[in-house]
Asks: 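Following this message is one structure expressed as structure tokens.
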Amino acid sequence: MSRDKGLMRTIIASKRMQSFLGDPSGMVGGVILFAFFFAALFAPYLAPTDPYDLTTVDLANFLLEPSWMDQGVSAFPLGTDDQGRGILSTILYGLRTSLIVSVSVVTISSLVGIILGMLGAYYGGILDAFIMRTADTVFSFSTTLLAVLLLGVFESRGLFTVIIAICIADWVKYARTIRGSVLEIKEFPYVTAARSSGAGDFRILFRHILPNALPPIFVLMAVDMAVVIMLEATLSFLGVGVPLTEPSLGMMIAIGKNYIYAGMWWMVVFPGITLIGMVVGINLFADWLREELNPKL
Amino acid sequence: MTTYLAKRLLQGVIVLILVSMVCFAMFRFTGDPVVMLAGKDATYEEREQIRVAYGLDRPVYAQYFSFLKGAMQGDFGRSYVSQIDALDTILERFPATFELAVTAMCISFVLGVGLGVIVSISPNGVISRMIMAGSLVGISIPTFLIGILLVMFFSVYLDILPSFGRGDTVQIGFWRTGLLTLSGWQHILLPALTLSGYQLAVLIRLTRAGMRETLSEEYIKTAWAKGLSPAKVILKHALRNVMIPVVTIAGLSFGELIAFSIVTETIFQWPGMGNLLLTSIFETDQPIIVTYIMLAAFIILSINILVDLLYALLNPRIRYE
């Protein structure tokens, strides 16, 4: 117990933590981010109802107003959608989808991008030319367009398909960023020194070059998380993203869109605020990270 | 310069061929085109007839070359759904998308660069802080949400602007334009604002960063010292140099613009190419999807080459050898 306390104290006293606590907007971003992760993780315990358990969803509760309004019911604080699902509960479950997709995509595409970009920059030649031409092409198509087209072509629908489609479009950012750093770092004298002291390619790449090339990647990962969350919402909004059986903020807004002319705003506004809040939080955090690590992005 | 241009064009052609291979593979291997053409209830004999009639019984490479030959002559086959030529179907929708994209680009360019300059002149002013906060929110709202919020406010709540369709259009030759009627302008306003949203925020940030860097340079100090008017120093001396990266980024994000036009057109029922693509995806109308991809690739690659040339034009120090 006392050791834990000591650890906490060390973390709080550390330079990075001090800078984090001293930057109000970065801290706000971090707190928002933590709150959303917490809400997503404990969605089954926090949600008043389970919107995807067909035995508890009652169609009779459809299109209810938020509970503080005249027609509202206290069981559904933010109202219900056209299927009688509670908006608050669906948002909590939708957050899970957003975060599962974005964390998986950022992890997979950063790994693929880092490895390909690093190998290309280090060895040069045909390998580099091939990887970078592919990356340029994918990049000029833009992540969003490529993801829409891929999902339009893929036959199966599911969380996994969405993740793969976004990854195919997304890895190039990482490859391009790491390539620039590695090209610079591999000419530094300390790398030559490592090589002349007998270190192999593998050791030079992963022990000497990679650690110094990573800071810009961390910032990119943070920014990319926000981008992927918006992308997943966009894809699901268009109807090419996660299937109807999965909760998604984008799909909630697509359904709510049909009811805005009838003045039923809550089906769009609450998921929308959640989405914006989450992305703003991540972007604030990323801004702080950029200042802190100060990479040349 | 000529060598460089030739090299870029060659690269572009190679990429187009690669894209055509991917398109062909997907056209041929996802779902059985025979079933699509003959219908689900066709008998075995009927299917075989279709297979022979469309050349689907030949080896894959032979099919690819006839696909490529057709593609180069602008023949991408017929839509499975309407049985009309795929390229004609898409090109008929082209003016609507083009007008929307150009209007959106004008909005984001004028507002983005303008606001970016204002912010860079007095970085700590109240207005500047508001603009920067706005741009943070701007890059944090996905395009589809901007569109719906605009509809909720201007069409549903205030009820002053239409929220779907193109309004009255005028046919000039092959081009159907909505920019010559009042109703056309009313209809394009919300979609164009939606589409410009993302780029607007990016351009504000880019212009601000560039201006901050340029305004501290020696030649700007000289310009001030000479007693030139602020308008001349800022617009003529500083902004010109800032425009180089701004134009490049704007041009290179053209793919993004096409992607978001799909989203925007869906929200506003805008009768453009993006709307058609999404409908075709739901109807698995593969000839239309393939043609759209090839056309998008062609447009994006052309714009990229144009941007490179423009880059050399704006910055005489750059010479492509």
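Within every chain, numbering begins at 1; the chains are lettered A, B, ... in the order of the sequence lines, protein sequences first and strands thereafter. Since the model is a prediction, treat every value here as computed from it, not as a measurement.
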Asks: For chain A, which candidate among B:I267, B:I14, B:I303, B:V19 shows the most heavy-atom pairs at distances under 4.5 Å?
Replies: B:I267
Asks: What is the minimum heavy-atom distance between B:I300 and A:S140, and which atoms define it?
Replies: CG2-O, 3.2 Å
Asks: With a 4.5 Å limit on heavy-atom distance, are the side chains of B:T143 and A:T234 in contact?
Replies: no
Asks: Using non-hydrogen atoms only, which part of B:Y292 is less than 4.5 Å away from chain A: side chain, backbone, both, or neither?
Replies: side chain
Asks: So which atom in B:I139 and which in A:M230 form the shortest heavy-atom distance, rounded to 0.1 Å?
Replies: O-CE, 3.2 Å
Asks: Against chain B, work out which of A:L149, A:L238, A:I282, A:V280 has the most heavy-atom pairs shorter than 4.5 Å and name it.
Replies: A:L238
Asks: Which atoms form the tightest heavy-atom contact between A:F237 and B:I148, and what is the distance?
Replies: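 Nearest pair, atom of A:F237 first, then B:I148: CE1-CD1, 3.6 Å.
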Asks: At their closest point, which heavy atom of B:A259 faces which heavy atom of A:T144, and how far apart are they?
Replies: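 Shortest heavy-atom separation between B:A259 and A:T144 comes out as CB-CB, 3.7 Å.
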Asks: Minimum heavy-atom separation for A:V269 and B:M152, please, with both atom names.
Replies: CG2-CE, 3.9 Å
Asks: Could you please spell out the steps behind the side-chain hydrogen bond (donor to acceptor under 3.5 Å, both in side chains) verdict for B:S163 and A:Y261?
Replies: CA-CA 10 Å; B:S163 64; A:Y261 296 97; 2.7 Å; yes
Asks: For A:L275 and B:P142, which heavy atoms make the closest approach, and how far apart are they?
Replies: CD2-CG, 3.6 Å
Asks: With only heavy atoms counted, which part of B:V15 is less than 4.5 Å from chain A, the side chain, the backbone, both or neither?
Replies: side chain
